[in-house]
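Whatever order the structure lists ligands and atoms in, that order sets their numbers, starting from 1. Predicted model only: the values in this text are computed from it and were never measured. The figures here come from the full heavy-atom set of this structure, side chains too, leaving out hydrogens, waters and symmetry mates. When a residue number appears, it is its place in the shown sequence, counting from 1.
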Amino acid sequence: MSMLDQSSRFVRLLGLSGSIRSASYSVAILQALQAALGPGIKLEMADVRLPLYNEDEDGENTGAAVQAFRQAIAQVDGLVISTPEYNHGIPGVLKNALDWASRPSGKSVLKDKPVMIITNSPGLTGGVRAQAQMNETLLSVSAIILPGRQIVISNVAGKIKDGKFADEVNIEFAMAALHRLVDLCRLHPAA
Ligand SMILES: Cc1cc2nc3c(=O)[nH]c(=O)nc-3n(C[C@H](O)[C@H](O)[C@H](O)COP(=O)(O)O)c2cc1C
């Protein structure tokens with residue numbers, strides 16, 4: 001496909017939730033974005049339930065779940081990470097998954113991968129501290145962090161209706177960023 005055709009290229013995205021809670025608001029946000037997608041974009045969900053990172057179990061000994069997780073990231077053009085903040089930082093389950101994805105060093109599937117970050121909180125701060133930590137972690141693995149205004153969703157519990165994230169203003173804001181992510185993905189498609 002020539003450079004001129006990239007604007008119509010199909011884009012595959014992978015959603016990662018920083019929470020594995022059954023009624024997670026972070027998952028509900030990803031689902032709201034899924035529901036708002038137009039044609040030409042697909043957003044699938046990753047499973048971040050991986051064993052605790054252990055370098056002894058990495059390399060030749062990497063387990064099937066970790067291999068599948070790395071493969072899922074390698075196959076998509078970009079990531080959408082939606083996460084709460086735990087104790088002013090990235091929830092351990094998400095950091096653990098990113099640590100697995102970060103290896104082998106220098107050959108991580110996150111390298112040159114466009115990533116959009118959404119944080120949320122039932123409080124007023126919207127997970128800004130987790131957002132800052134995510135930037136640091138993604139920088140360290142040479143991912144491409146979507147530039148622009150941060151997507152920080154406060155009072156998330158009050159924006160859930162019948163189990164769905166239903167705040168139109170937040171959805172519109174996040175979708176504008178998602179479309180910028182898609183443009184970025186078209187410049188950096190998965191191999
Ligand atoms: C262990 C733990 C630590 C938390 N720490 C914070 C925090 O530092 N800042 C904050 O805004 N919310 C904090 N919360 C509240 C979470 O933002 C809230 O539980 C959120 O709904 C979790 O996201 P989820 O709905 O996707 O599971 C914490 C919750 C837990 C369970």
Ligand 1 contact on Glu85 by region, counting heavy-atom pairs under 4.0 Å: both
Heavy-atom gap Gly127 to ligand 1 smaller than 4.0 Å: no
Nearest protein heavy-atom contact for atom 5 (N) of ligand 1: which residue, which atom, what distance? Asn87 N, 2.8 Å
OH (Tyr53) and CG (Asp58) are apart, to the nearest 0.5 Å, by 3.5 Å
What's the verdict on side chain to side chain contact (heavy atoms under 4.5 Å, CB included) for His88 and Gln133, showing C-alpha distance, side-chain angles and the deciding distance? CA-CA 9 Å; His88 294 188; Gln133 286 189 3; 5.9 Å; no
Is there a polar contact, in the sense of an N or O pair closer than 3.5 Å, between His88 and ligand 1? yes
From the list Ile118, Leu94, Thr119, side-chain contact (heavy atoms from CB on, under 4.5 Å) with Ile81 holds only for Leu94
Taking side chain to side chain donor-acceptor pair (under 3.5 Å) as the criterion, tell me which of Arg9, Arg186, Lys113, His188 meets it with Asp77. Arg9
Of all the non-hydrogen atoms in the protein, which one sits nearest to atom 2 (C) of ligand 1, and at what distance? Tyr86 CD1, 3.6 Å
Among Leu98, Thr137, Ile144, find the one that has a side-chain contact (heavy atoms from CB on, under 4.5 Å) with Leu110. Leu98
Can you tell me the protein heavy atom closest to atom 21 (O) of ligand 1 and the distance? Tyr25 CD1, 3.3 Å
Which residue holds the protein heavy atom closest to atom 17 (O) of ligand 1, what is that atom called, and what is the gap in Å? Pro122 CD, 3.2 Å
Could you see if Val128 belongs to whatever hydrophobic cluster contains Ile117? Use Ile, Leu, Val, Met, Phe, Trp, Tyr and a side-chain cutoff under 4.5 Å. no
Per-atom contact, atom 19 (O) of ligand 1, protein heavy atoms, under 4.0 angstrom: no
Is there a donor-acceptor pair closer than 3.5 Å between any side-chain N or O of Arg21 and the backbone N or O of Val27? no
Taking the side chain as everything from C-beta on, heavy atoms only, tell me whether Phe165 gets closer than 4.5 Å to Asn120. no
What protein heavy atom sits nearest atom 10 (C) of ligand 1, and how far off is it? Ser121 OG, 3.6 Å
Report the nearest protein non-hydrogen atom to atom 27 (O) of ligand 1: residue, atom name, distance rounded to 0.1 Å. Ser19 OG, 2.6 Å
Any idea which protein heavy atom is nearest atom 22 (C) of ligand 1, and the distance to it? Pro84 CB, 3.5 Å
Distance under 4.0 Å to a non-hydrogen atom of Arg21: what atoms of ligand 1 satisfy this? 24 (P), 25 (O), 27 (O)
